[in-house]
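See below for the structure under consideration.
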Amino acid sequence: MSQPTATLAVHPPGTSGPPSGGSEFAPLLRTVKGQGLLDRRFDWYARGIAVNALALAGVVTAVVLIGDSWWTLLLAPLLAVFCARTAFIGHDAGHAQITGNKVVGRAIGLIHANLLLGMSYSWWNRKHNRHHAHPNHIDKDPDVAADILVFTGEQAKDRTGFRHWLTRNQAWLFFPLTLLEGIALKIQGFQDLRRQQPRERAVEAVLLVSHVAGYATLLLTSMSPGRALAFAALHQALLGLHLGLSFAPNHKGMEMPDPNGEPWGHLRRQVLTSRNVRGGPVTDWFLGGLNYQIEHHLFPSMPRPHLRLAQPLVRAHCRELGIPYMETGLVDSYRQALSHLHEVGEPLRAD
């Protein structure tokens with residue numbers, strides 16, 4: 001399939017914004033559809049899945065061949081990088097970016113999430129879809145619910161004990177905490193099995209257990225228990241850090257809708273709560289396309305390689321409507337996210 005080329009004709013000449021009484025999002029959607037940016041890219045994903053599978057197989061083979069040596073630990077960062085790629089494929093499958101066939105899409109998601117990573121595809125999809133429907137909404141978005149981290153002063157004021165200390169220091173602790181994310185995602189997946197329907201639970205449980213068994217067998221048959229434990233700790237910590245680096249810039253520190261205020265339309269709800277990260281092919285690859293967070297939220301089923309093509313259309317549309325479009329560099333995106341977490345914890349540091 002030939003790659004679409006984006007043009008900037010969002011509105012007819014001489015017009016600005018949507019028609020009177022119309023949706024702010026509708027003209028943009030028509031343009032994006034008209035340019036084929038919502039069309040599937042089976043070829044692109046087939047290549048990406050095949051290359052990633054070969055890379056994973058290559059690392060696993062190297063682990064077996066090098067065997068019981070501390071040099072094997074040098075493969076843990078490489079495995080973490082390709083496991084993050086695997087997570088991005090599972091993410092795209094969950095959004096129907098790869099295929100419109102639900103059965104095939106679920107199979108791709110289950111293989112990449114449950115079997116290859118030990119993370120529940122069903123749990124992630126359910127949670128992530130709620131986030132997409134209500135990004136940064138304090139009552140509806142599970143990603144900003146008060147837990148280890150808090151995101152508003154209202155959430156922070158009732159923290160006591162250890163959680164009080166966490167909130168005071170959450171900006172400094174954010175990236176160290178992501179080192180535990182790889183393990184946390186696995187635990188949450190197993191916990192979610194209790195919620196799932198029997199048939200779904202059976203499939204997910206078998207794949208999750210198969211991952212754990214396969215992962216343990218690989219490490220324990222290739223190296224001593226001590227080195228196996230060191231390899232697993234390093235691999236899971238770096239995987240969690242990589243995922244944290246990919247998700248941290250997206251929404252933290254952006255607008256949070258007033259739960260009691262007037263609801264925003266789809267365009268404003270997604271654009272005002274999201275932040276893009278500037279960069280080229282390396283940034284796109286490292287962040288799995290999530291650096292185009294605004295476009296991804298506006299068009300969740302848009303194939304990853306089309307997000308960068310949609311960006312000038314979205315930016316121009318927002319400019320015409322006077323809607324702020326946030327885009328910054330990678331390092332500055334982390335600074336903004338951490339500054340917000342630091343600000344939320346400020347009243348507790350004054351105690």
Angle class for the His296/His128 ring planes (parallel below 30°, perpendicular above 60°, tilted otherwise)? parallel
With distance as the sole criterion, is a donor-acceptor pair present between the side chains of Lys252 and Gln336 under 3.5 Å? no
Short side-chain donor-acceptor distance under 3.5 Å, His266 and His297: no
Decide whether Tyr325 and Gln311 meet the rule of one side-chain donor and one side-chain acceptor closer than 3.5 Å. yes
Summary of salt bridge (charged side-chain N to carboxylate O under 4.0 Å, His left out) pairs that have at least one residue in residues 262-278, sequence neighbours excluded: Glu24-Arg268
Within 45 degrees of the axis of the six-membered ring of Trp123 and under 6.0 Å from its centre: does Arg195 put its NZ or CZ there? no
Side-chain donor-acceptor contact under 3.5 Å, Asp141 with His134: no
May I ask you to check whether Asp284 and Asn291 show a side-chain donor-acceptor distance below 3.5 Å? yes
Among side-chain atoms of Ser122 and Glu200, is any donor-acceptor pair under 3.5 angstrom? yes
Does the side chain of Asn114 pick up a donor-acceptor pair with the side chain of Ser120 at under 3.5 Å? no
Check for a donor-acceptor pair, side chain of Gln155 on one end and backbone N or O of Phe151 on the other, with a separation under 3.5 Å. yes
Does a side-chain heavy-atom distance below 4.5 Å link His342 with Glu346? yes
With no hydrogens and no angle check, do the side chains of Tyr45 and Asp92 hold a donor and an acceptor under 3.5 Å apart? yes
Do His306 and Phe299 have ring centroids that are under 6.0 Å from one another? no
Hey, could you give me the NE2/OH distance between His91 and Tyr121, rounded to the nearest 0.5 Å? 10.5 Å
Taking the side chain as C-beta and beyond, is there a heavy-atom pair between Met302 and Gln97 under 4.5 Å? no
Arg85 charged N/C atom sitting above Trp285 aromatic ring, 6.0 Å / 45°: yes
Thr72 side chain to Asp68 main-chain N or O, any donor-acceptor pair under 3.5 Å? no
Does the pair Phe175 and Tyr334 meet the rule for a ring-ring contact (aromatic ring centres under 6.0 Å, His included), with working shown? CA-CA 10 Å; Phe175 285 116; Tyr334 296 135; 5.6 Å; yes
Can you confirm if the aromatic rings of Phe88 and Phe82 lie within a centre distance of less than 6.0 Å? no
Side chain to side chain contact (heavy atoms under 4.5 Å, CB included), that's the test. Do Ser274 and Asn250 meet it? Break it down for me. CA-CA 6 Å; Ser274 302; Asn250 301 342; over 6 Å; no
